[in-house]
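Okay, structure first, notes after.
The figures here come from the full heavy-atom set of this structure, side chains too, leaving out hydrogens, waters and symmetry mates. Note that the structure is a prediction, hence the values are computed from the model and not measured.
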Amino acid sequence: MIIKPIPFFLAVLLLVSGCAHIPQNAPLVSTDQRTGYRFQNTASPTNSSDLLLMLAFSGGGTRAASLSYGVLEELARTPVGAEGKQHRLLDDVDIISSVSGGSFTAAYYALWGDRIFSDFESKFLKKHVQTDLLLRVLEPWNLVRLATPSFSRSDLAAEYYDHLLFKDATFGDLMARGGRPFLCVNATDVASGARFEFTQDEFDLIRSDLSHFPVSRAVAASTALPMYLTPVNLKNYSTKQAEAEPQWIPSILDDPAASPRLRYVASQARSYTDGQRHFIHLVDGGFSDYLGLRGAIDRVIAHEQSTQLPSVPVRIPRRVALIVVDADRDFDYGWDSKERPLGLKALLGSVGQVTVSHYSFETIELFKEVMARLSREHTGPGDSAPLEITTYVIELHFNQLSDESDRRFFNTVPTSLQLPSKTVDRLRQLAARQLADNVEFRRLVSDLKNQPVKPNSPSRSSVAVAKDATHMANP
């Protein structure tokens with residue numbers, strides 16, 4: 001029998017299109033705070049209850065991913081602790097919160113650990129990711145899949161990120177590692193404009209099990225820039241599984257003394273549980289939180305007001321360190337050099353850049369103010385004295401560069417998923433140098449050497465964690 005090539009090819013395409021549907025996020029059988037990917041369910045042999053070290057990786061494509069990678073490199077080179085008992089400061093990182101481009105680095109390190117230092121450059125930072133994505137879109141079988149209503153450009157991107165970096169890993173695999181850093185990938189809820197984080201605490205609200213959710217799809221949602229990529233959709237099972245909403249929601253909304261910010265967080269949470277929203281559509285996390293810092297602020301405010309909120313520790317450690325990797329650019333659109341206004345493209349770019357810069361500035365200042373109030377006004381359980389929290393806020397941004405030529409160069413690096421290798425190297429080196437020279441960072445390192453914190457007893461043996469890491473590194 002002779003198979004005619006054109007009908008056969010069409011049949012193959014139809015078969016591919018029939019397999020285009022992306023499985024929905026899985027439903028949750030029951031809610032249990034002791035299980036699932038939550039901050040309180042992770043631990044590390046070296047982390048101490050006396051220190052909370054957080055990293056916030058901003059958006060900005062490969063520019064942000066490269067800067068974040070350079071920070072991880074410098075933390076790995078920085079020893080802390082008492083003489084003879086030193087370890088890397090990198091091993092003290094408790095949380096990495098990320099949006100958009102910073103999510104690639106954050107998720108890869110949280111999943112694969114030190115393997116990032118041997119292959120992340122070649123696999124992602126210096127790879128033509130943007131070109132590869134475009135070529136995949138133009139492949140005939142993918143064009144057919146994309147023509148169906150059940151498969152989108154972000155679905156295709158998630159598949160590519162999975163092939164490139166994440167190898168079918170899920171949040172359940174992150175949980176199996178048993179250690180920190182805890183990964184908090186952030187996206188933006190299209191309907192409300194609110195931040196959506198990929199943690200089991202958030203997935204509880206939509207009655208979904210995060211453990212089966214691919215890390216690649218979380219990163220795809222965090223980086224889904226409209227016009228280029230489509231929203232990543234989640235099914236909200238709370239519309240079919242009627243259950244009382246978490247107690248913290250009414251406790252905040254019914255409390256007239258609750259802060260407006262916490263009331264906003266609770267109102268957003270109720271929008272998932274009230275049975276009205278069947279699907280949640282997520283896009284780039286930079287629209288709601290360019291620095292990946294708002295979640296930490298919400299939880300600190302909750303602690304300050306003794307309000308119940310998921311993943312809020314019973315007691316804030318006496319040292320809280322935050323390293324903010326801000327890849328935003330201070331781009332000069334030339335407004336002040338001409339009398340006539342510039343074109344629409346320049347106008348939109350300027351307005352967007354100014355808005356992000358001001359919002360990021362206010363976010364960091366709010367974090368400082370809340371931490372200062374918490375230390376000054378509040379006591380821990382059973383205490384009669386203030387908490388006396390020492391806060392270290394370490395900000396890395398291009399506007400800190402003293403050399404004008406360097407500042408001009410880095411502020412013109414585009415927001416793209418591929419950059420020249422030399423530019424990637426310069427960004428890495430810049431981040432490491434900025435961190436090492438930062439006054440607040442040097443104060444943190446000095447304090448950790450002169451007044452070392454006492455490590456916690458590990459909840460699982462370091463041998464078990466190492467075995468998990470080895471297994472995941474060789475899937």
Side-chain angles (χ1 to χ4, degrees), residues 23-44 54 94-99 103 106-107 110-111 158 166 168-189 194-222 232-241 243-249 252 265-266 268-273 277 279-280 282 285 288-289 292 294-296 298-299 302-303 308-314 459-460 465 468 472:
Q24 291 286 353
N25 47 299
L28 184 66
V29 177
S30 62
T31 301
D32 186 347
Q33 291 293 318
R34 297 167 298 178
T35 64
Y37 194 63
R38 312 174 198 268
F39 177 71
Q40 65 266 28
N41 294 339
T42 61
S44 172
M54 300 178 288
D94 292 286
I95 304 171
I96 305 180
S97 180
S98 65
V99 298
S103 292
L111 187 62
F166 303 116
D168 296 325
T170 65
F171 281 86
D173 294 316
L174 276 172
M175 191 66 201
R177 287 199 67 190
R180 294 183 184 168
F182 180 78
L183 174 67
C184 185
V185 174
N186 297 277
T188 299
D189 183 334
R195 183 183 62 88
F196 185 97
E197 64 181 36
F198 285 86
T199 64
Q200 187 56 57
D201 290 315
E202 192 89 338
F203 266 52
D204 282 349
L205 300 173
I206 60 173
R207 301 290 300 161
S208 184
D209 188 350
L210 181 65
S211 66
H212 299 291
F213 197 81
V215 174
S216 59
R217 285 187 66 75
V219 173
S222 184
V232 170
N233 302 327
L234 301 179
K235 188 173 182 179
N236 186 357
Y237 293 98
S238 69
T239 59
K240 294 183 178 180
Q241 301 179 28
E243 188 172 309
E245 64 184 359
Q247 181 56 39
W248 66 268
I249 298 176
I252 291 176
V265 172
Q268 170 63 17
R270 177 167 283 178
S271 78
Y272 296 139
T273 63
R277 304 179 61 186
F279 293 92
I280 311 301
L282 304 174
S288 56
D289 181 11
R294 305 300 291 195
D298 293 340
R299 288 176 170 92
H303 194 286
Q308 191 177 15
L309 201 67
S311 292
V312 173
V314 175
S459 58
R460 358 179 11 241
V465 174
D468 286 339
M472 294 182 67

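Checked by atom type, the side-chain pair Ser222/Asn186 shows no donor-acceptor distance below 3.5 Å. A side-chain donor from one of Asp189 and Gln268 sits under 3.5 Å from a side-chain acceptor of the other.
With sequence neighbours excluded, the residues that form a ring pair (Phe, Tyr, Trp, His ring centres under 6.0 Å) with Tyr37 are Phe171, Phe182. When the ring pair (Phe, Tyr, Trp, His ring centres under 6.0 Å) test is applied to Phe166, no partner is found at least two apart in sequence or on another chain. Here Asp32 pairs with Arg34 under the side-chain hydrogen bond (donor to acceptor under 3.5 Å, both in side chains) rule; sequence neighbours left out. Residues passing the side-chain contact (heavy atoms from CB on, under 4.5 Å) test with Ala106 are Phe57, Ile96, Ser98, Leu183, sequence neighbours excluded. A search for salt bridge (Lys or Arg N to Asp or Glu O under 4.0 Å) contacts involving Arg195 returns Glu197, Asp298, not counting sequence neighbours. Every residue two or more places apart in sequence or in another chain that forms a side-chain contact (heavy atoms from CB on, under 4.5 Å) with Asn236 is listed here: Ile206, Ser238, Thr239, Tyr272, Arg277, Ile280.
When atom types are taken as modelled, the side chain of Gln200 and the backbone of Arg38 share no donor-acceptor pair closer than 3.5 angstrom. Of the possible polar contacts, none joining the Arg177 side chain to the Thr42 backbone as a donor-acceptor pair under 3.5 Å is found. When atom types are taken as modelled, the side chain of Thr273 and the backbone of Glu245 share no donor-acceptor pair closer than 3.5 angstrom. A donor-acceptor pair is defined here as one N or O able to donate and one able to accept, closer than 3.5 Å; such a pair exists between the side chain of Asn41 and the backbone of Gly36. A distance-only check finds no donor-acceptor pair linking the side chain of Ser208 to the backbone of Pro27 [under 3.5 Å]. In this structure a side-chain-to-backbone donor-acceptor pair under 3.5 Å is present from Asp289 to Arg294.
Proximity of Asn25 to Tyr237: side-chain heavy atoms (C-beta onward) are separated by under 4.5 Å at one or more points. Looking at Thr170 and Ser211, their side chains never come closer than 4.5 Å, going by heavy atoms from C-beta outward. Within the 4.5 Å cutoff, the side chain of Thr199 has heavy atoms near those of the Cys184 side chain.
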*Starting from the C-alpha separation in whole Å, work towards a yes-or-no answer on side-chain contact (heavy atoms from CB on, under 4.5 Å) for Asp204 and Leu28.*
CA-CA 8 Å; Asp204 282 349; Leu28 184 66; 3.5 Å; yes
*asked:* Could you walk me through whether Phe198 and Val215 satisfy the side-chain contact (heavy atoms from CB on, under 4.5 Å) test, starting with their C-alpha distance in whole Å, then the side-chain angles of each, then the deciding distance to 0.1 Å, before giving a yes or no?
replied: CA-CA 9 Å; Phe198 285 86; Val215 174; over 6 Å; no
*Go through the steps for Thr31 and Arg207 under the test side-chain contact (heavy atoms from CB on, under 4.5 Å), then give the verdict.*
CA-CA 8 Å; Thr31 301; Arg207 301 290 300 161; 2.9 Å; yes
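Minimum interatomic distance between Ala266 and Ile249 (heavy atoms only, all atoms of both residues): O-CG2, 3.7 Å. Nearest heavy-atom pair, Val219 versus Ser103, reported as atom, atom and distance to 0.1 Å: CG2-O, 4.1 Å. In plain terms, the two heavy atoms of Pro181 and Ala110 that are nearest each other are O-CB, 4.4 Å. Summarising the geometry of Phe39 relative to Asp94, their closest heavy-atom pair is CE1-O, 3.9 Å, with the distance given to 0.1 Å. Looking at every heavy atom in both residues, Arg217 comes nearest to Val232 through NH2-CG1, 3.5 Å. Between Ala218 and Phe213 the shortest heavy-atom distance is N-CE2, 3.6 Å.
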